[in-house]
Amino acid sequence: MSACKTLSCFSLPSSSSFFRRTLLHPRQRVTLSRRCATSALAAEEPEPHSPSVQHLLTSPEGVSTLMKMERKPPLLHHEPRSRWFPYLDTFHCRNGCVLTSAEVVEALAPCVSEDRRRRFGSVVRNRTYSVCLVVEGLCDLGNVSAAFRSADALGVQSVHVVSCDTNKRYKDNRHVSMGAEKWLDIELWDSTKECFKVLKSRGYRIATTHVGMDAVSIHDLDWSCPTAIVVGNENRGISDEALELSDLHCSIPMAGMVDSFNVSVAAGILMHHAVCDRISRMGCHGDLTVEECQILLAEFSLRHSKSAISIVEDYAKRKAAILT
């Protein structure tokens with residue numbers, strides 16, 4: 001198994017203006033001579049079932065089939081003043097044609113309902129890569145699924161899974177995740193060291209959750225700084241390796257007799273506090289640029305239905321025919 005297998009599952013919401021706006025020159029636009037059937041426009045095609053969480057975490061194929069827009073290489077030199085965004089404005093069709101996100105959105109716009117477009121717009125505007133979640137060594141897929149669901153609900157687009165022990169409690173937990181894994185960027189790692197190395201190259205500080213004398217309260221951290229939140233195994237907690245390699249240790253203040261939370265609950269509390277802190281400091285949580293929003297919107301649009309890829313490729317063929 002390779003060190004990193006990248007998965008793109010995304011959440012998208014954007015206003016209909018994203019679909020109406022295109023970066024193409026008017027003379028380069030492709031007339032959609034063959035649009036979705038009237039019945040398809042009236043009754044939008046149901047979303048395809050995404051692979052189960054179990055399948056995604058144990059099968060490289062399950063991860064790769066979710067990727068649509070071209071992603072940047074895993075290890076890319078990070079410019080100190082730049083903010084990490086994983087996608088390029090490029091979609092490669094199977095026939096060799098290359099489209100931009102604007103063209104992908106234009107091709108699929110007739111096949112997405114107005115309500116869905118509005119939902120896409122809202123989600124995209126509230127997404128961020130400035131906070132990401134890392135789950136290390138979890139053995140209960142229910143906890144992983146619950147963490148995915150919380151990340152999606154709170155606008156945390158990027159989730160990393162390190163050495164998940166899927167031999168235990170091997171079951172499908174889609175009822176727990178509610179399909180959130182489809183709309184997130186999920187990356188799988190074989191080692192904590194490699195995961196942290198890549199995250200640091202992307203400009204993240206690593207904050208491991210730990211109850212110790214050197215732990216900083218989550219209330220004392222500035223969450224506007226790009227941060228990777230790390231939660232550990234249900235029984236053992238964060239590994240010694242993760243504690244050593246992290247930039248800081250943080251803790252959730254507790255006032256009860258029990259000194260720990262369930263790992264998925266802890267992940268939800270941490271992400272929720274990060275969102276609230278970012279809003280209080282910056283006025284908002286979502287921080288994608290207009291260009292990044294459109295790229296993520298294109299990614300979500302490609303995941304929207306089973307027929308999305310074939311519709312886009314048909315659009316690309318007609319575009320090529322017009323330009324030649």
Side-chain angles (χ1 to χ4, degrees), residues 8-24 44 47 50 66 68-72 82-91 100-133 148-159 178-186 202-204 222-229 268 270-305 308:
S8 321
C9 313
F10 297 93
S11 239
L12 335 167
S14 209
S15 64
S16 58
S17 62
F18 272 107
F19 283 86
R20 297 194 183 105
R21 183 177 64 242
T22 175
L23 303 179
L24 295 175
E44 193 175 72
E47 291 182 19
S50 58
L66 287 171
K68 309 301 180 187
M69 298 296 289
E70 185 175 355
R71 291 176 65 94
K72 296 175 182 176
S82 67
R83 181 176 46 77
W84 170 254
F85 183 74
Y87 290 97
L88 300 173
D89 191 14
T90 305
F91 174 70
T100 65
S101 60
E103 292 172 309
V104 169
V105 169
E106 182 181 29
L108 293 173
C111 306
V112 181
S113 71
E114 185 69 22
D115 287 345
R116 193 62 166 174
R117 290 199 293 268
R118 283 195 292 267
R119 181 66 178 270
F120 280 179
S122 174
V123 172
V124 167
R125 289 192 299 273
N126 287 286
R127 271 326 204 231
T128 187
Y129 286 90
S130 296
V131 175
C132 70
L133 177 68
F148 287 175
R149 185 173 177 179
S150 294
D152 174 65
L154 293 168
V156 175
Q157 183 63 30
S158 178
V159 178
M178 295 297 290
E181 63 278 0
K182 174 182 176 179
W183 304 111
L184 297 172
D185 288 2
I186 302 173
R202 295 175 182 176
Y204 291 98
D222 178 357
W223 293 94
S224 64
C225 174
T227 304
I229 301 169
L270 287 158
M271 288 186 287
H272 182 267
H273 177 75
V275 170
C276 293
D277 182 80
R278 286 168 57 78
I279 292 174
S280 68
R281 293 176 186 273
M282 304 162 54
C284 63
H285 169 59
D287 58 3
L288 301 185
T289 65
V290 172
E291 292 74 21
E292 290 168 346
C293 281
Q294 180 157 275
I295 294 172
L296 188 56
L297 176 62
E299 176 66 32
F300 285 179
S301 301
L302 289 165
R303 294 175 177 278
H304 177 62
S305 70

- Could you tell me whether the side chain of Cys132 reaches within less than 4.5 Å of the side chain of Tyr204, counting heavy atoms only? yes

- Task: Could you pull out all residues at least two apart from Ser280 that satisfy side chain to side chain contact (heavy atoms under 4.5 Å, CB included)?
- Result: Asp277

- Message: If you apply the rule side-chain contact (heavy atoms from CB on, under 4.5 Å), what do you find for Tyr129 with Leu288, and how did you get there?
- Response: CA-CA 8 Å; Tyr129 286 90; Leu288 301 185; 3.8 Å; yes

- Query: About how many Å separate CG of Asp152 and NZ of Lys182, when rounded to the nearest 0.5 Å?
  - Reply: 11.5 Å

- Item | Shortest non-hydrogen separation from Met271 to Ser150 and the atoms involved | CE-CB, 3.8 Å

- Could you give the distance from OG1 (Thr100) to CD1 (Ile295), rounded to the nearest 0.5 Å? 9.0 Å

- Task: Working to the nearest 0.5 Å, report the span between CG of Asn126 and CG of Leu154.
- Result: 11.0 Å

- Query: Can you find a pair of side-chain heavy atoms, one from Thr289 and one from Arg83, that are under 4.5 Å apart?
  - Reply: yes

- Task: To the nearest 0.5 angstrom, please state how far the CZ atom of Arg278 sits from the SG atom of Cys276.
- Result: 11.5 Å

- Item | Side-chain heavy atoms of Leu88 within contact of Met69, under 4.5 Å | no

- Measure the NE2-CH2 distance between His285 and Trp223 for me, rounded to the nearest 0.5 Å. 11.5 Å

- Item | Separation of Thr227 OG1 from Leu133 CG (nearest 0.5 Å) | 12.5 Å

- Closest heavy-atom contact between Ala308 and Ser301? CB-O, 3.7 Å

- Message: So, using side chain to side chain contact (heavy atoms under 4.5 Å, CB included) as the criterion, who are the partners of Ser224 when residues are at least two apart?
- Response: Asp222, Arg281, Met282

- Message: Can a donor-acceptor pair be found, under 3.5 Å and without considering hydrogens, that links the side chain of Lys68 to the backbone of Phe91?
- Response: no

- Message: Under 3.5 Å, is there a donor on one side chain and an acceptor on the other for Asp287 and Thr128?
- Response: yes

- Are Gln157 and Leu296 close enough that some pair of their side-chain heavy atoms sits under 4.5 Å apart? yes

- Would you call Arg118-Asp115 a salt bridge at under 4.0 Å N-O? yes

- Closest non-hydrogen atom pair between Val159 and Ala151, with its separation: CG2-CB, 3.9 Å

